[in-house]
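Atom set for the values below is all heavy atoms of this structure, side chains included, hydrogens, waters and symmetry mates excluded.
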Amino acid sequence: MARDLRDRMVDAERDDHLGPGDQLPSVGALAGERGMAPSTVRRAYEELVKEDLISKTGRTDRYRVVEGRIISSTYVLVINLSREEGADVEEADNSHLPIELDAYRAAVIKQGLVPLVEGPEVRMAAPSETDRKDLVLGEDEQFVRRALKRFFARRSAPDTDPAFIKTGDAPHSYDVRTVQPGSLQRTFYPDSIADRAPRLHSVKDITEGTIRYLAAQGLAQVGYRDVVLSRNATKDEAAFFEMREPEPVLEVRRVAYAGDGCPLRLTQTIFDSARHRISYETGQVPRD
C-alpha cells in the first residue's frame, strides 16, 4: 500500500498537481476512494512518514509532503545486457559523453536521468564454492573483487535551489533530493588475470572500460554465459534498495571467457526487480 501511495504521489508530482508542502487527502477520504479500511491507509501514510517523504500536519489523520523534498519517483529501466560496453545513446545533448557507454548508464540516460556511480571498492577476497567453480579456481587461489554502487537522479531544473544541485563527475547537474538506488555490481577477477592487468588492483575507474583494458593486455573477451536468478534481497541489499523488508531482486551472474576457454571474470549484478526489466538481443534487431 505504501509503495502504491508513493507511485500515486509521483504521478501527481510529474503532472504538477503535487509539490513540497502540499496537503494530501485525509485518511478517511483516501480510504473511501480506495475502498480500504482507514487503518490500512493510516499505516501506509505512517510508513511514508518514516521515509521522511511526508509529515503530519497537526490535525488528526492529515498529512503533507515534506517541505523542500521531492518524492522519490519510481522509474522502470530496461537494461539491454547483451550490449555490455557497446551500449549507445542517441541524444543531441549527450554529445559530450563517450561514444559507447555501459548498458546501465545508457538505460539511465535514455530515460532522461543522470547516472551516478560510487566506487569502485577494491579488495582481495576468497571465493565461495560457487564462485570458485564458475571461475575454475585452484584450491588456494583468490581473486580481486571490484564493487560498484550505481544510482540515478533527475536532472536539475533551471530554477532549482542551488543548495540541491550537484554536478561532480555526473554528465549533468542533478537534484540531490531525487537520488535513487540503481544496482549493485561486483566483479571478480582471478589472480592469474589480475597479475597481467595491474590496474584491476587500483581504486581508480578504468575509463575505457575493463573489457577494452583487458583486451589491450592480451586478454580479449570472446564470449560470456549468463545465469539470471530471482531471489529475495539480502539484508545489505535491502538496505541499499531502501526496502523496509527484503523483496525480490534479480541477480545476473555473467562469466566472461577468453579465446582459450579460460574464465576472465565473474560479474554479479543485483537489480531491484520492481524498477528493472532485463532484455537481450541477438542478430539484427531494430533499435527502439
Side-chain angles (χ1 to χ4, degrees), residues 51-52 70 72-81 83-85 87 97-98 101-111 113-125 127-128 131 143-155 164-189 199-211 213 228-254 265-278:
E51 294 181 30
D52 196 33
I70 292 179
S72 294
S73 51
T74 300
Y75 294 88
V76 176
L77 300 177
V78 179
I79 313 297
N80 186 339
L81 291 182
R83 293 182 182 176
E84 291 207 291
E85 290 172 1
L97 295 174
L101 301 169
D102 65 77
Y104 193 85
R105 286 188 295 165
V108 170
I109 291 171
K110 187 174 182 179
Q111 189 84 7
L113 303 168
V114 179
L116 308 168
V117 178
E118 181 182 308
E121 173 193 292
V122 181
R123 64 181 176 87
M124 296 296 296
S128 68
D131 297 340
F143 49 46
V144 175
R145 174 184 181 272
R146 294 175 63 88
L148 298 174
K149 294 180 179 179
R150 301 190 290 196
F151 304 84
F152 56 87
R154 292 186 191 176
R155 298 179 185 180
F164 297 117
I165 297 176
K166 274 194 175 183
T167 51
D169 295 327
H172 296 278
S173 59
Y174 63 94
D175 192 322
V176 297
R177 297 169 295 180
T178 67
V179 174
Q180 291 188 66
S183 68
L184 293 167
Q185 187 173 82
R186 297 179 282 268
T187 303
F188 308 95
Y189 300 91
R199 287 171 62 192
L200 294 177
H201 291 279
S202 172
V203 295
K204 293 182 179 180
D205 186 29
I206 300 175
T207 54
E208 69 271 34
T210 53
I211 295 175
Y213 170 60
V228 182
L229 310 173
S230 178
R231 58 171 175 79
N232 275 350
T234 65
K235 184 177 179 180
D236 288 344
E237 291 165 354
F240 173 77
F241 290 119
E242 301 176 354
M243 300 172 177
R244 294 190 61 79
E245 298 291 339
E247 297 178 18
V249 294
L250 296 173
E251 175 184 343
V252 180
R253 293 176 61 88
R254 171 168 294 179
R265 63 181 169 92
L266 163 64
T267 298
Q268 177 191 43
T269 309
I270 312 299
F271 300 100
D272 177 352
S273 60
R275 291 176 175 157
H276 296 85
R277 299 291 180 269
I278 304 301

So which atom in [X] and which in [Y] form the shortest heavy-atom distance, rounded to 0.1 Å?
| X | Y | answer |
| --- | --- | --- |
| S202 | V122 | O-CG2, 3.4 Å |
| I79 | A103 | CG2-CB, 4.3 Å |
| N232 | P248 | OD1-N, 3.7 Å |
| L200 | R146 | O-NH1, 2.9 Å |
| P246 | A233 | CB-O, 3.4 Å |
| P181 | F151 | CA-CD2, 3.7 Å |

Side-chain heavy atoms of [X] within contact of [Y], under 4.5 Å:
| X | Y | result |
| --- | --- | --- |
| L148 | E118 | no |
| V108 | L116 | no |
| K149 | L184 | yes |
| M243 | D272 | yes |

Worksheet item: Is it true that a side-chain atom of R265 and a backbone atom of T187 form a donor plus acceptor pair closer than 3.5 Å?
Response: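 Between the backbone of T187 and the side chain of R265 there is no qualifying donor-acceptor contact (under 3.5 Å).
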How long is the gap from [atom1] on [X] to [atom2] on [Y], to the nearest 0.5 Å?
| X | Y | atom1 | atom2 | result |
| --- | --- | --- | --- | --- |
| Q268 | D131 | CD | CG | 7.0 Å |
| I270 | R253 | CD1 | CZ | 8.5 Å |
| T267 | I211 | OG1 | CD1 | 8.0 Å |
| F143 | L266 | CZ | CG | 7.5 Å |
| L77 | I109 | CG | CD1 | 11.5 Å |

Item to complete: Determine, step by step, whether L81 and R254 satisfy the side-chain contact (heavy atoms from CB on, under 4.5 Å) criterion, reporting the C-alpha distance in whole Å, the side-chain angles of both residues, the deciding distance to 0.1 Å, and the verdict.
Response: CA-CA 10 Å; L81 291 182; R254 171 168 294 179; 3.7 Å; yes
Discussion item. For R275 and E247: C-alpha separation, side-chain torsions, deciding distance, then whether salt bridge (Lys or Arg N to Asp or Glu O under 4.0 Å) applies.
Written reply: CA-CA 12 Å; R275 291 176 175 157; E247 297 178 18; over 6 Å; no
Residues two or more places apart in sequence or in another chain: which of them pass side-chain hydrogen bond (donor to acceptor under 3.5 Å, both in side chains) with [X]?
| X | value |
| --- | --- |
| R199 | E208 |
| T207 | none |
| Q185 | T269 |

Worksheet item: Side chains of R150 and S183: is there a donor and an acceptor less than 3.5 Å apart?
Response: yes
Discussion item. If we check ring-ring contact (aromatic ring centres under 6.0 Å, His included) with H276, which of these qualifies: F241, F152, F271?
Written reply: F271
